[in-house]
Participant: 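What follows is a single structure, and I will ask about it in a moment.
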Amino acid sequence: MKLATWNVNSLKVRLPHVLDWLLAQEDSDQPIDLLCLQELKLPDDKYPLAELESAGFHSIYTGQKTYNGVAILARTTSLPTPTDVVRNIPGFEDTQQRVVAGTYATAGGPLRVISAYFPNGQAVGSDKFAYKLRWLEALTAWLRDELARYPQLALLGDYNIAPEDRDVHDPAKWEGENLVSPEERAAFRALEGLGLTDAFRQFEQPPKLYSWWDYRMLAFRRNAGLRIDHILLSDPLAKACTACTIDKVPRTWEQPSDHTPVVATLSLNPLP
DNA sequence: ATGGCTAGCCGCGCTAGA
């Protein structure tokens, strides 16, 4: 089965891209079974449920006007409606809609999937940066419990953290900045410390492969990007993971999101 | 040395993203 994550930067604007991309994956030997989306930027009553269902995907989501918003799309023919749906981090008071989670029954046992839009942080030392660190702490504490309950767990999303210098096009220029600071990287390591593995780094990858490029400065053309969108897998899933790739193609389309999809292939069968 | 683009808003220039 295939899992993917994509920060679409407005689902209203990017719905055609999402549908086109999902349709294009149908031609591969393994289509997408689960797609986590971030930055929907729309309230729940504007969520394009019917269009996505027509395309063959059911959804769980939590949104708000203007900012944030996350969803998990699941292929109707291969996955049942999820159970234990959670919106936001339990016990963490937050008006910003950044987390949705659900458990999908599969032939290989329950699969816990979390779509997360980590706070940006704006600048090291800012109020938003402090919020980012508090949010990361709450997420990590919650995930410790989640992992105890769900051995097969995948955390997909826009982490707004480039874990290593090789995930940054110009590490010298970015040194110590928001998205790469030691505090943020320590938080990323703490997530790994729970027993989660960066699916992308399990495999040999071409150098200078990123998931986000600034709209400005011809950044995509110059490949001046960051790898900040990740798929972290619990041990059983990491062992079942056979590939993890970044699909740059949607970033080349007209009116693209500034992020592009990350895809993981697991040797885990959905329901027959 | 800085900003350079994009989306959304109730806007007719701003906030926020990363």
Side-chain angles (χ1 to χ4, degrees), chain A residues 5-18 21 36-48 61-71 94-99 115-136 139 156-188 200 208-230 246 248 250-262:
Chain A
T5 181
W6 192 3
N7 178 328
V8 289
N9 184 19
S10 168
L11 185 54
K12 182 181 154 194
V13 175
R14 235 67 68 184
L15 180 61
H17 301 226
V18 170
W21 186 72
C36 296
L37 299 179
Q38 300 85 35
E39 281 208 85
L40 309 182
K41 294 189 173 180
L42 39 81
D44 287 351
D45 62 342
K46 296 274 168 51
Y47 187 86
Y61 51 91
T62 183
Q64 67 188 93
K65 201 163 86 164
T66 313
Y67 305 115
N68 309 311
V70 287
D94 199 353
T95 57
Q96 305 185 30
Q97 304 305 304
R98 297 185 174 277
V99 171
S115 177
Y117 176 44
F118 291 39
N120 172 281
Q122 196 166 59
V124 175
S126 67
D127 289 351
K128 287 176 182 175
F129 189 78
Y131 163 71
K132 182 178 195 172
L133 295 183
R134 276 191 293 116
W135 188 94
L136 283 161
L139 177 77
L156 302 92
D158 174 0
Y159 285 58
N160 272 315
I161 301 172
E164 299 178 84
D165 278 353
R166 59 178 165 161
D167 302 313
V168 180
H169 72 278
D170 185 349
K173 186 177 142 196
W174 278 84
E175 193 181 354
E177 295 290 331
N178 187 47
L179 309 182
V180 311
S181 73
E183 298 101 307
E184 292 162 87
R185 285 180 169 175
F188 189 89
F200 185 80
K208 303 184 192 311
L209 198 42
Y210 309 119
S211 67
W212 170 86
W213 300 262
D214 202 309
Y215 283 123
R216 300 165 291 186
M217 304 172 281
L218 304 170
F220 184 65
R221 207 164 76 182
R222 296 189 294 118
N223 196 30
L226 302 175
R227 192 177 71 92
I228 54 176
D229 300 87
H230 308 295
I246 295 176
K248 285 172 74 167
R251 191 64 174 76
T252 68
W253 294 346
E254 282 292 308
Q255 205 178 6
S257 167
D258 43 357
H259 298 252
T260 210
V262 183

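First the proteins, then the strands, lettered A, B, ... as listed; each starts at 1.
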Participant: Going by distance alone, is a donor N or O of one side chain under 3.5 Å from an acceptor N or O of the other, for A:S115 and A:Q38?
Facilitator: yes
Participant: Contact class for A:Y210 vs. all strands (heavy atom < 4.0 Å): base, sugar-phosphate, or nothing?
Facilitator: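 No contact.
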Participant: When the P atoms of B:dA16 and B:dC10 are considered, how many whole Å apart are they?
Facilitator: 14 Å
Participant: Could you pull out all residues at least two apart from A:Y210 that satisfy ring pair (Phe, Tyr, Trp, His ring centres under 6.0 Å)?
Facilitator: none
Participant: For A:R134, which residues count as a salt bridge (charged side-chain N to carboxylate O under 4.0 Å, His left out) partner, sequence neighbours excluded?
Facilitator: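 A:R134 satisfies salt bridge (charged side-chain N to carboxylate O under 4.0 Å, His left out) with no other residue.
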Participant: Using the salt bridge (charged side-chain N to carboxylate O under 4.0 Å, His left out) criterion, which residues pair with A:D165? Sequence neighbours excluded.
Facilitator: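 Salt bridge (charged side-chain N to carboxylate O under 4.0 Å, His left out) list for A:D165, sorted by chain: A:R185.
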Participant: Mind checking A:K132 for me? I need base, sugar-phosphate or nothing, with any heavy atom below 4.0 Å counting as a touch.
Facilitator: nothing
Participant: Base, sugar-phosphate, or nothing for A:N7, non-hydrogen atoms under 4.0 angstrom?
Facilitator: sugar-phosphate
Participant: With Watson-Crick and G-U wobble geometry limited to distances under 3.5 Å, how should the secondary structure of DNA chain B be encoded in dot-bracket form, using | for bases paired to another strand and [ ] for crossing pairs?
Facilitator: ....(((((...))))).
Participant: Assess whether side-chain hydrogen bond (donor to acceptor under 3.5 Å, both in side chains) is satisfied between A:K128 and A:N120, documenting all intermediate values.
Facilitator: CA-CA 8 Å; A:K128 287 176 182 175; A:N120 172 281; over 6 Å; no
Participant: Using a heavy-atom distance cut-off of less than 4.0 Å, which residues of residues 63-71 of chain A contact DNA chain B?
Facilitator: A:K65, A:T66, A:Y67
Participant: A:W6 and A:V18: which non-hydrogen atoms are nearest, and at how many Å?
Facilitator: CZ3-CA, 3.8 Å
Participant: Between A:Q97 and A:N68, is any side-chain donor less than 3.5 angstrom from a side-chain acceptor?
Facilitator: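 Result is no, nothing qualifies.
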Participant: Not counting sequence neighbours, which residues clear ring pair (Phe, Tyr, Trp, His ring centres under 6.0 Å) with A:Y47? List them please.
Facilitator: A:Y61
Participant: I need the A:D158 CG to A:C36 SG distance, nearest 0.5 Å.
Facilitator: 12.0 Å
Participant: Restricting to ring pair (Phe, Tyr, Trp, His ring centres under 6.0 Å), what partner residues turn up for A:Y67, sequence neighbours left out?
Facilitator: none
Participant: What's the gap between B:dA1 and B:dT15 when it is taken at their P atoms, as a whole Å value?
Facilitator: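 To the nearest whole Å, 25 Å.
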Participant: Students often get this wrong, so: under 4.0 angstrom with heavy atoms, is A:L218 touching a base, only sugar-phosphate, or nothing?
Facilitator: nothing
Participant: Given the C1' atoms of B:dT6 and B:dG11, what is the spacing between them in whole Å?
Facilitator: 16 Å
Participant: When the P atoms of B:dC14 and B:dG4 are considered, how many whole Å apart are they?
Facilitator: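 Per the computed distance, 12 Å lies between those P atoms.
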Participant: For A:R251, what residues pass the salt bridge (charged side-chain N to carboxylate O under 4.0 Å, His left out) criterion, not counting sequence neighbours?
Facilitator: none
Participant: Contact boundaries of DNA chain B with chain A (under 4.0 Å, heavy atoms), 5' to 3'?
Facilitator: B:dG4 to B:dA18
Participant: In chain order, what residues pass the salt bridge (charged side-chain N to carboxylate O under 4.0 Å, His left out) check against A:R166, with sequence neighbours excluded?
Facilitator: A:E164
Participant: A:D214 near the nucleic acid: base, sugar-phosphate alone, or nothing, with a heavy-atom cut-off under 4.0 Å?
Facilitator: nothing
Participant: For atom C1', what is the distance between B:dA7 and B:dA18, given to the nearest Å?
Facilitator: 14 Å
Participant: Go through residues 171-183 of chain A and report each residue with a non-hydrogen atom lying under 4.0 Å from DNA chain B, sorted by number.
Facilitator: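 Of all residues in residues 171-183 of chain A, the ones placing a heavy atom under 4.0 Å from DNA chain B are A:L179.
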Participant: Between atom CG of A:D170 and atom CZ of A:R222, what is the distance when rounded to the nearest 0.5 Å?
Facilitator: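 Answer rounded to 0.5 Å: 9.0 Å.
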Participant: List the residues meeting ring pair (Phe, Tyr, Trp, His ring centres under 6.0 Å) with A:F200, not counting sequence neighbours, and say none if there are none.
Facilitator: none
Participant: Pick the nucleotide of DNA chain B nearest each of A:Q96 and A:S10; which residue has the one closer to the 5' end?
Facilitator: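 Of the two residues, A:S10 wins.
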Participant: Nearest heavy atom decides the nucleotide; on that basis, is A:Q122 or A:R216 closer to the 5' end of DNA chain B?
Facilitator: A:R216
